[in-house]
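What follows is a single structure, written as structure tokens, with notes after it.
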Protein chains: 2
Amino acid sequence: MSKKHVQKPAPKPQASVAITEAEWDIMELLWEKSPRTSQEIVSLLEEGRGWKRATVVTLLARLTAKGALNTEPQGNRFLYTPAVERSACVAEETRSFLDRIFGGALQPLVAHVAEHHSLTKKDIAELKALLEQIKPNS
Amino acid sequence: MSKKHVQKPAPKPQASVAITEAEWDIMELLWEKSPRTSQEIVSLLEEGRGWKRATVVTLLARLTAKGALNTEPQGNRFLYTPAVERSACVAEETRSFLDRIFGGALQPLVAHVAEHHSLTKKDIAELKALLEQIKPNS
DNA sequence: CGAAACTGACTACATTTGTAAACATGAGCA
DNA sequence: TGCTCATGTTTACAAATGTAGTCAGTTTCG
């Protein structure tokens, strides 16, 4: 491994990277367990998604390039680890989704879901319980 | 207006069309009030978004083409009206968002928001009130 | 009536995204 | 040592998306 395997350092250390839909699948696997080799990820997604190895590898490269993954050389391959926290990405997505569709507020979303996606009695109970535990933040 | 202004009929009557982020801005304006002329929409978005007329018109055309808008000729121009309901689009977006990020469930989202975007006491109260009114759907 | 203003249609183009083939190189096995 | 396999890199390409210029009819105002 002389001049190969010399991917440019992630542009931005960690911050908030935008994860696309397809990339999300890969991140989930790594958030769930890491590090992993590309091989592992490839086989998981060949089955689960029907993706070709090349596809998965491309996505791994893109994620690495944009600083969403860290790689550690191991022999002639890499071990991949998330470089961003799941919760940060989730926060990002949530924020942008709420802003775009519900003016940034949570209530309208809950109201919408309640109306259109039907919540079970159990769901409602759980949500209430959830709200009980929350400590107001301001 | 002889052979001009003959846009092909919307492929799918109404169903669920995918509205892109930019298009969303236009739809919002029309959901809020319709019909409107392109002129109206253009000026609103020139200010609000800094978009050029051509941009807005392109988006109107795309939306019409994909069946998200209905047009009614009026002189040499059109009156634009939504052909899809806002709530249907919101439902679509919400569904896909929840699926992608939260496994389709609402609770994890609420939990996440509670933790990361801080809810005020008022927010929590409102949410509780909201839950009170909801009639379980199964 | 003629020119200006307006309107939708057509064309354009860079970027992003999904999807993948081809390639080169290093590693392990025969 | 030579060959095959695994692995990352390069290149490709279509569709979607954001953003907009230009053009050709229409309408309207002087």
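Order of the sequence lines fixes the chain letters, A, B, ..., with proteins taken first and strands second; residue numbering starts at 1 for each chain.
- Rounding to whole angstrom units, CG of residue B/Asn76 and P of D/dC23 are separated by 20 Å.
- Interatomic distance, B/Ile41 CD1 to B/Arg53 CZ, rounded to the nearest 0.5 Å: 12.5 Å.
- Residue-level contact check: B/Thr55 touches the bases, meaning some heavy atom is under 4.0 Å from a base atom.
- Residue B/Gln39 has no polar side-chain atom (N or O) positioned under 4.0 Å from OP1 or OP2 of C/dC6.
- Within the 4.0 angstrom heavy-atom criterion, base atoms lie near A/Thr58.
- A parallel orientation is assigned to the rings of A/His112 and A/His116, their planes being inclined by less than 30° (bins at 30° and 60°).
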Salt bridge (charged side-chain N to carboxylate O under 4.0 Å, His left out), that's the test. Do A/Glu126 and A/Lys122 meet it? Break it down for me.
CA-CA 6 Å; A/Glu126 284 178 19; A/Lys122 185 155 165 279; 3.4 Å; yes

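- Remark on DNA chain C: of its neighbouring residues A/Arg53 and A/Glu23, the 5'-side contact belongs to A/Glu23, judged by nearest-heavy-atom nucleotide.
- An OP1 or OP2 oxygen of C/dG18 is reached within less than 4.0 angstrom by a side-chain nitrogen or oxygen of A/Thr20.
- Distances were taken from every side-chain heavy atom of A/Glu21 (C-beta onward) to each of C/dG18, D/dG8, C/dA9; the shortest belongs to C/dG18.
- Between A/Trp31 and A/Trp24, the two ring planes are perpendicular [angle over 60°; tilted spans 30° to 60°].
- The CD1 atom of A/Ile19 sits 11 Å away from the P atom of C/dG18 (whole-angstrom rounding).
- If you check distances only, the side chain of A/Arg62 never reaches the base of D/dT9 with a donor-acceptor pair under 3.5 Å.
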Set out, in order, the CA-CA distance, both residues' side-chain angles and the distance that settles side-chain contact (heavy atoms from CB on, under 4.5 Å) for B/Leu127 and A/Leu106, then state yes or no.
CA-CA 9 Å; B/Leu127 281 168; A/Leu106 185 57; 3.9 Å; yes

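- In this structure, A/Leu59 places its CG atom 15 Å from P of C/dT16, rounding to the nearest Å.
- In this structure, the CD1 atom of A/Ile41 is 9 Å from the P atom of D/dG8, given to the nearest Å.
- Between the CH2 atom of A/Trp51 and the C1' atom of C/dT17 there is a distance of 11 Å, given to the nearest Å.
- For the pair B/Asp25 CG and D/dT19 P, the computed distance is 10 Å after rounding to whole Å.
- Across the protein-nucleic acid pair, A/Lys52 atom NZ and D/dT7 atom C1' stand 18 Å apart, rounded to whole Å.
- Checking the phosphate oxygens (OP1, OP2) of C/dT7, no side-chain nitrogen or oxygen of B/Thr37 falls inside 4.0 Å.
- Straight-line distance from the CD atom of A/Glu40 to the P atom of D/dT7: 11 Å, rounded to whole Å.
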